[in-house]
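Note sheet for the following structure.
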Protein chains: 2
Amino acid sequence: MADRPRATRRATIYDVAARAGVSKSLVSLVLQNSPKVSAERRQAVEAAMVELDYRPSRAATALAGSRSRTIGVVIDDFRNLWFVDLLDGLREVLGPAGLTLTVADLAGESASSEADPGRAVIDGFVASAVDALVVACEPTPALLRPQGFPVVVAGNRSATPPDAAVVSSDDSAGAEIAVRHLLDLGHRRIAHLTGGGGASALRLAAYERVLHDVGLTPHVASGFGRTNEPDGYEAARRILREAPDTTALFAGNDTMALGALAAIREAGLDVPAGMSLMGFDNSPIADARILRLTTVDSENREVGRRAAQTVVDRLAGARVHRRQLVSPRLVLRDSTAPPRG
Amino acid sequence: MADRPRATRRATIYDVAARAGVSKSLVSLVLQNSPKVSAERRQAVEAAMVELDYRPSRAATALAGSRSRTIGVVIDDFRNLWFVDLLDGLREVLGPAGLTLTVADLAGESASSEADPGRAVIDGFVASAVDALVVACEPTPALLRPQGFPVVVAGNRSATPPDAAVVSSDDSAGAEIAVRHLLDLGHRRIAHLTGGGGASALRLAAYERVLHDVGLTPHVASGFGRTNEPDGYEAARRILREAPDTTALFAGNDTMALGALAAIREAGLDVPAGMSLMGFDNSPIADARILRLTTVDSENREVGRRAAQTVVDRLAGARVHRRQLVSPRLVLRDSTAPPRG
DNA sequence: CTGAAAGCGCTTACAG
DNA sequence: CTGAAAGCGCTTACAG
């Protein structure tokens, strides 16, 4: 009978209380992990919950308490795998804190809200009464408007909501690591493929700064203003046309590097013998055998952990750091080598 | 003052009713899109909602009504981009029907539920009181247990919950299209790279059937039992070692094809001059310039639309088809050509 | 710890 | 359409 489809009423705290032989207030205390409950009573209640296959109603919890115990996360697009490690890190900390995560993507919005992108996502989160928001994309105006709950921005963005804390990888340091790696290999003609957004801007600035510091001339190209595969292809083609003596390409991210690889091949060059190629992000594609891309790991899992901790701290009313930087790390694979010739 | 941070109380239907000069029952009727409301009163209520920046509380709606108006979707892993088009299709139909979508991934589960994978996801959906569930992954035992709400399975799976409706791409037809395309180009030595799961099994069976029909010998290899890039690489290496006269490789999906490309290059062959390569899924990677992969589009957006319609119909109490197949479509790019020599 | 009570913001029926 | 009422399943505060 245990497997009878539960067309029957779901168990409530009344049922649990009756079964455990305690008051319903006590069950509520157990649900909230109150320290005021004795171990034996807690066990009795927990046993009853298991026996009745009890699961608290999120709707009732949210409506009765002021908190919903869920945190919203906005990402740009499920296709940009940037966010996967971040999510893992967030869950690692949020889960044990009793907080659930709900993710929405800007790209999936209904066309009706095109006038105010991000509006539908925010409305959904307000309707769900999220306790806090993690913004893991370039904020739209709707995301910049204060909504009455704490906001933590993950990653370097070109704009930030007032009062939001920012947790991000140190993109400047990461780009410096990348460029220094190429310099150490002996490269002197290093070009950069850049795109749009806050992180790209920081990577570009660091690239230019390091080259200037060592007395070399930066050479930058972009594609169509974004950071996708076609942008990388187009930007690399421009570099190869304008400066055929380039020996190393530093792409703004791994996806752009994938596009760049096609352009390099078309120019009759091999990676890394004829051209070194650096990515950024250490996304899943970087590990594919066709690329084996040397790249910079942003440590987004750690960014996620710290962003989650910041959320937890703010919900507890503690003061939090307005800005936290996580150190990136060089990931050596097979796409970089000393310059040709 | 309109932009004053809403530390103030959120508007409720009482506020809206007062502002619009109607009863709160009427506001409730408007929220439910009832046809009993006159156009002018509806407009008055809607105007009041905009003025007060009113957004209904999902918690209250869910608790008071029997329905939460949200549909759960379980996917395998955010890294497999399979689900992106599916999600778009689901939203296209669910949105206008007033239903919201919430997605959870099996891979993101806390380690504590490893004993019963999918359990945490299901518990979350039960707690949220989803109205229905869309299973877009290979179901775990937890996902196969009836929970009291309708289930629609998207895609071909090796197991299906009792009473679930299944909407999927016609993987047999898709594999047949792929193999016939290679045959039409003149290939006679066509190998197949296969992986795990229900869709893979159907694609494999169709491949073998078509080859037998035309009197050719199938040649199949797999990697490590999954369908990822390393599996494709490993499977392709086996084929190239065991049967160097192979002229075309039909990969179980695009990600495996990406791995296969690396093996083909290592063997000193070019695509498509020395080896034709077919994928399956038409995932974002297939369009990358480095691959330009001829593949089969599963029309997952259409699968999503139909799955959503099936959910809507079941919620309305209508009878639904237990099994629906969507026709796939050949996508020609540059990775296939007549056989070498 | 218990027990009775009020309330969160809605939906649902029901009399007018 | 209105208006008063009960209820969804919890949390919160409070007297005992």
Side-chain angles (χ1 to χ4, degrees), chain A residues 6 8-45 48-49 52-70 98 100 123 126-131 148, chain B residues 6 8-45 48-49 52-70 98 100 123 126-131 148:
Chain A
R6 215 156 287 88
T8 43
R9 212 174 102 280
R10 271 179 58 187
T12 71
I13 52 170
Y14 289 88
D15 305 313
V16 173
R19 177 113 187 180
V22 301
S23 75
K24 102 187 199 310
S25 302
L26 210 240
V27 176
S28 182
L29 289 174
V30 170
L31 281 179
Q32 294 166 76
N33 248 307
S34 162
K36 303 192 214 165
V37 183
S38 69
E40 43 185 345
R41 284 185 190 271
R42 177 182 300 276
Q43 276 167 26
V45 169
M49 287 177 172
L52 296 173
D53 196 20
Y54 170 78
R55 275 153 302 180
S57 156
R58 200 115 73 193
T61 307
L63 187 56
S66 26
R67 299 154 283 103
S68 66
R69 309 246 83 193
T70 92
T100 303
D123 280 2
V126 171
S128 304
V130 295
D131 291 343
Chain B
R6 215 157 287 87
T8 42
R9 212 174 104 279
R10 270 178 59 187
T12 72
I13 52 171
Y14 288 88
D15 305 313
V16 173
R19 177 113 186 180
V22 301
S23 75
K24 104 187 199 306
S25 304
L26 210 239
V27 176
S28 183
L29 289 175
V30 170
L31 280 179
Q32 295 166 76
N33 248 307
S34 163
K36 304 190 216 166
V37 184
S38 69
E40 42 183 348
R41 282 184 192 272
R42 177 182 301 276
Q43 275 167 26
V45 169
M49 287 177 171
L52 296 172
D53 197 19
Y54 169 78
R55 275 153 302 183
S57 157
R58 200 116 75 196
T61 308
L63 186 56
S66 26
R67 299 152 284 103
S68 66
R69 309 248 80 191
T70 92
T100 303
D123 280 1
V126 171
S128 305
V130 295
D131 291 343

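Each chain gets a letter, A, B and so on, in the order its sequence line appears, and its residues count up from 1.
Between Y14(A) and the phosphate of dG7(D), there is no side-chain N or O to OP1/OP2 separation shorter than 4.0 Å. For dT11(C), one of the phosphate oxygens OP1 or OP2 lies less than 4.0 angstrom from a side-chain nitrogen or oxygen of S28(B). Under 4.0 angstrom from either OP1 or OP2 of dC10(C) there lies no side-chain N or O belonging to Q32(B).
In this structure, the CG atom of D131(B) is 13 Å from the P atom of dT11(C), given to the nearest Å. Following rounding to the nearest Å, K24(A) (NZ) and dG3(C) (C1') show an atom-to-atom distance of 9 Å. Summarising the geometry, the separation between CZ on R67(B) and C1' on dG7(D) is reported as 15 Å, rounded to the nearest angstrom. A straight line from CG of L31(A) to C1' of dG9(D) spans 11 Å, rounded to a whole angstrom. Going from atom CZ of R10(A) over to atom P of dC10(D) covers 7 Å, rounded to whole Å. The separation between L63(B) atom CG and dT11(D) atom C1' is 12 Å, rounded to whole Å. Between the CG atom of L29(B) and the P atom of dC14(C) there is a distance of 15 Å, rounded to whole Å. Taking atom CZ on R69(A) and atom C1' on dG9(D), their separation rounds to 17 Å, with Å as the unit.
On a pure distance criterion of 3.5 Å, no polar donor-acceptor pair joins the side chain of S23(A) and the base of dG3(C).
Residue S57(A) is in sugar-phosphate contact alone, with no base atom involved, counting any heavy-atom pair closer than 4.0 Å across all strands shown. Within the 4.0 angstrom heavy-atom criterion, only backbone atoms of the sugar-phosphate kind lie near L26(B); the bases stay farther away. Nucleic acid contact for T12(A): sugar-phosphate only, since backbone atoms but no base atoms lie under 4.0 Å from a heavy atom of the residue. Using a 4.0 Å heavy-atom cutoff across all strands shown, K36(B) reaches sugar-phosphate atoms only and no base atom. Among the atoms of the strands shown, none is found under 4.0 Å from any heavy atom of R58(A).
Closest approach to the V22(B) side chain among dG3(C), dT11(C), dT2(D) is made by dT2(D) (side chain taken as heavy atoms from C-beta onward). Of the listed nucleotides (dT2(D), dT11(C), dG7(C)), dT2(D) has the atom at the smallest distance from the side chain of R41(B).
Shown here, dT2(D) forms a base pair with dA15(C); the pair counts as Watson-Crick or G-U wobble because both key distances fall under 3.5 Å.
When each of V30(A), L52(A), L31(A), L26(A) is tested with V16(A) by the rule side-chain contact (heavy atoms from CB on, under 4.5 Å), just one qualifies, namely L52(A).
The backbone N or O of Y14(A) sits less than 3.5 Å from a side-chain atom of T12(A), completing a donor-acceptor pair. Judged purely by atom type and a 3.5 angstrom limit, S68(A) uses its side chain to pair as donor or acceptor with the backbone of T70(A). Judged purely by atom type and a 3.5 angstrom limit, R10(A) uses its side chain to pair as donor or acceptor with the backbone of V126(B). In terms of modelled atom types and a separation under 3.5 Å, the side chain of R69(A) and the main chain of R58(A) share no donor-acceptor contact.
For D123(A) and R55(B), the salt-bridge test passes: some basic side-chain N is under 4.0 Å from an acidic carboxylate O.
Toward the 5′ end of DNA chain D lies the nearest nucleotide of V37(B), the other residue of the pair V37(B) and A64(B) mapping further downstream.
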